[in-house]
Amino acid sequence: AVIDESLSCGSTTNVTLCAQVPTGLRGRLKVDFSDRTNDSQWEGASALSQIQPGGWWSPSSCTSRHRVAIVIPFRDRAEHLSLLLQHLHPILQRQLLDYKVFVVEQFGNDTFNKGVLLNAGAREALQDSKDYECLVFHDVDLIPEDDRNLYSCPTLPRHMSVAVDKFNYTLPYVQLVGGVFSVSVRDFVQLNGYSNLYWGWGGEDDDMAHRIKHKKLKIVRPPASVGRYTMIRHAHRPESPNNIRMTFIRMASYRMNRDGLTTAKYTVVGRYALPFYTKVVVDIGHNH
Ligand code: NGS
């Protein structure tokens, strides 16, 4: 017999699907650079107070249409992370998403590798009991400026950070999928995730664009009027660029089945259910 889980959970479970287009959206938002995470008078305080330990939330009045894992690669950007989360959580809740935030932190001080961190974050999210349908890979320094930019699960890979203030709110080039990028789990598995070879700044996202093209998927985008972000200015030393990245990018589609989600090497050093997010610290080794 088919058991309807939503009914077997008892009377508290609401089976009505949430509205396709959420009604409580506000549109263009002000980016607030002061830390509001402990400010109970702030208008977003009630959204923050509803987050479950480990950084998840789902609507209580309806069943969300989208189960979304947000994956944020991270090291040494604590102020950026709290600014991002204070903006993002209220938006995701207004969008009526069933979501959880995973912050994947690279352990140690060796060269950063965003591709490995994103693959590790995806694998951690996929092990979660919630059975996420899509992943949003989110740079820690990009603050959304408009809640009509939906973090819902896309049918095609969706590049969301179309218009960033740093680039005068225009897309620098059409293959760009860096910044904020949303993809269904089905497509991400088919693409074999990100390459693990890009140690240092740049290129892993352009490699992803090649994978998408090779699998004949299309990149979709929201209009530039809503896909708007403020990039937080870096007070820290930037990651140094990877000098051989152009060579790797040229070979992207040849390598994709052997280098990606399935072959990412890392060990989990710690997993912490913090008030606003789940932190997964991973040791990814170093570039040899
Ligand atoms: C390109 C990089 C991308 C990067 C993009 C935007 O040049 O990885 O700039 O960077 N590609 C290569 O280096 C091959 S941004 O200014 O937003 O940090 O995402």
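Whatever order the structure lists ligands and atoms in, that order sets their numbers, starting from 1. Any value given below was found using the heavy atoms of this structure, including those in side chains, with hydrogens, waters and symmetry copies removed.
The nearest protein atom to atom 13 (O) of ligand 1, hydrogens excluded, is given as Arg245 NE, 2.5 Å; this is a heavy-atom distance. Shortest contact from atom 1 (C) of ligand 1 to any protein heavy atom: Tyr173 OH, 3.4 Å. At the top of the distance list for atom 11 (N) of ligand 1, counting protein heavy atoms only, stands Asp206 OD2, 2.6 Å. The shortest contact between atom 9 (O) of ligand 1 and any protein heavy atom is with Trp201 CH2, 3.8 Å.
By the 4.5 Å heavy-atom criterion applied to side chains, Phe102 and Tyr132 are counted as neighbours.
Note that CG of Asn119 is 9.0 Å distant from CG of Leu117, once rounded to the nearest 0.5 Å.
Within a 6.0 Å radius of OH in Tyr254, other residues, nucleotides and ligands contribute 12 heavy atoms or fewer. Around atom CD of Gln20, no more than 12 heavy atoms belonging to other residues, nucleotides or ligands sit under 6.0 Å away.
On a distance-only criterion, Asp205 and ligand 1 share at least one N/O pair closer than 3.5 Å. Of the polar atoms of Phe167, none of the N or O atoms is found under 3.5 Å from an N or O of ligand 1, judged by distance alone.
Between Met231 and ligand 1 there is a heavy-atom distance shorter than 4.0 Å. Residue contacts with ligand 1 include Ile249, since one or more of its heavy atoms lies under 4.0 Å from the ligand.
Within ligand 1, the atoms closer than 4.0 Å to a non-hydrogen atom of Met246 are 14 (C), numbered from 1 in the order shown. The contact set between ligand 1 and Lys166, taken as ligand atoms under 4.0 Å from a residue heavy atom, comprises 15 (S), 16 (O).
Residue pairs meeting the salt bridge (charged side-chain N to carboxylate O under 4.0 Å, His left out) criterion with at least one partner in residues 18-28, sequence neighbours excluded, are Arg26-Glu43, Arg28-Asp146.
Taking the ring centre of Trp57 as origin, the terminal cationic atom of Lys100 falls outside the region bounded by 6.0 Å and 45° from the ring axis. Cation-pi geometry between Arg228 and Tyr169 is met: under 6.0 angstrom from the ring centre, within 45 degrees of the axis.
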